[in-house]
Amino acid sequence: MTTPRKLFVKTYGCQMNVYDSERMAEALAPSGYVTTDRAEDADLILLNTCHIREKAAEKVYSELGRLKPLKAANPDLRIGVAGCVAQAEGAEIVARAPSVDLVVGPQSYHRLPELEARARQGARAIDTDFPAEDKFDALPARPKAARGPTAFLTVQEGCDKFCAFCVVPYTRGAEASRPPARILAEARDLVDRGVREITLLGQNVNAYHGAGVDGEWSLARLTAALGGIEGLARIRYTTSHPCDMTDDLIAAHGEGGKLMPYLHLPVQSGSDRILKAMNRRHTAEEYLRVIDRLRAARPDILLSSDFIVGFPGETEADFADTLALIEAVGFGQSYSFKYSPRPGTPAAERAEVAAEVADDRLQRLQALLRTQEQAAQAAMVGREVTVLFEKPGRLPGQMVGKSEYLHAVHAMAPGVTPGTLCRVRITESAAHSLGGEVVAE
Ligand code: SAH
Ligand code: SF4
Ligand code: F3S
């Protein structure tokens, strides 16, 4: 038997890249690769990259610099760049980083075995096509090894929305949904291997429209069908666009099934002028009405969002509208970013807000969001939640997991194994997690 080659994958960016990294490792298994968590041991290093903001993209070049000595020490080492930077800047990577042997875009990674073989023979292998074949059809069946209690499952990819700031429609291509039968089969298989919570992924996951044998399926229908899988306890989905929050999906949140009472619904700004300039296709008021309908269906739903500050043309009055929207909603969690001009996007052509103004707004926005986050956590103290325990905590006998609201919760739970759901009474709220006592298994 030949010794297996070792693969080290480093993942940047969103959850979809986490999922893709798993699938890339699986695609390379038939070529004799096992994964390692030490770059120094690897025969192949893959950087699965993100292009969403300038800082994210620059990380790739600095990481490539750090990897150079490894390549000098081991002439058999091959280095590959995958993901959204590969898609957007494949040619530039090849020119700027002679240490890179392989470049593969997010829609072509089923071709990795062939690209790896070419790179192994000394060629530079590049594939950033949007191929006609579906990569999911071409990938090998998923392995049967046991896995942890939570998993991601990509159901939809790409985006047709073309927000003026965003590279995703260019790096991931047009919206495409996987057929429901494939998703259900993959979910059943994950559950057989120990998964109890599945997060459905898509760049615009609620635009899901998979081709079933009996016509088109919506995301609501898909989650209902997934709910029928015995052994699956929880379903989440991310990321959603406000314009695609349909009545059936909102109603699904009220049905008390396996769909968790948490929703990440990015709004980006609270100013109608800026929302229009961003090409978000909805007003602040329309966003607030979606939130009202969600809360009418599921009063305890915890809401989370993304914000961009300093978008070209943003005035202090526009920014005040964003703060007002945040006050009106009350978010349980949020992600906020300073606008970063991205090559090829319409907004990159527009005059920028001064950096110090944007920095100041980001700080003020984050202070408000932090207050809301802390308030949402504090409101949990004294309540009972259900926790899916994922792994041991720092103290002996302690376990950590997530509540239905996606709060990290730790509790003393000696003898409780990962994958167990327990009722926990919350007793304390720390900076980024909640502490509690198990009341029932
Ligand atoms: N598909 C999702 C998420 C896209 S990327 C959606 O539509 O919401 C994740 C987040 O990154 C976005 O919601 C946005 O807040 C942020 N982002 C995207 N492009 C950006 C840019 N050019 N500068 C700063 N933040 C950006
Ligand atoms: Fe980007 Fe907008 Fe599409 Fe989200 S909806 S991925 S922000 S273009
Ligand atoms: Fe980044 Fe691509 Fe995801 S740009 S956020 S890795 S879709």
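Atom set for the values below is all heavy atoms of this structure, side chains included, hydrogens, waters and symmetry mates excluded. Order of appearance sets the numbers: ligands from 1, and atoms from 1 within every ligand.
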If you measure only the distance, is there a donor-acceptor pair under 3.5 Å linking the side chains of Gln366 and Ser336? yes

For Lys338, state whether at least one heavy atom is located under 4.0 Å from any atom of ligand 1. yes

inquiry  = Is Arg280 close enough to touch ligand 2? Criterion: a residue heavy atom under 4.0 Å from a ligand atom.
reply    = yes

Ligand 3 atoms nearer than 4.0 angstrom to some heavy atom of Asn17 are 6 (S)

Can you tell me if Cys84 has an N, O or S atom under 2.8 Å away from atom 3 (Fe) of ligand 3?
no

Contact region, Ser340 to ligand 1, non-hydrogen atoms below 4.0 Å, reads both

In this structure, atom 10 (C) of ligand 1 is nearest to the protein heavy atom Asp306 OD2, 3.4 Å

field: Close approach of Ile308 to ligand 1, heavy atoms, under 4.0 angstrom
entry: yes

**Request:** Report yes if some N/O of Pro266 lies less than 3.5 Å from some N/O of ligand 1; otherwise report no.
**Result:** no

Ligand 3 to Gln203, heavy atom cutoff 4.0 Å, flagged ligand atoms 7 (S)

>> Contact between ligand 3 and Arg172 is defined here as a heavy atom of the residue under 4.0 Å from a ligand atom; is it met?
In response: yes

Mind telling me whether Tyr339 and Phe311 have parallel, tilted or perpendicular rings, with 30° and 60° as the class edges?
perpendicular

The closest protein heavy-atom partner of atom 2 (Fe) of ligand 2 is Cys163 SG, 2.3 Å

Applying a strict 4.0 Å limit to heavy atoms, is His241 in contact with ligand 1? no

Of all protein heavy atoms, the one nearest atom 3 (C) of ligand 1 is Thr239 CG2, 4.3 Å

Looking only at non-hydrogen atoms, the one of Cys166, Cys14, Gly158, Ala56 nearest atom 5 (S) of ligand 3 is Cys14

Under the 6.0 Å and 45° cation-pi test, does Arg182 pair with Phe136? no

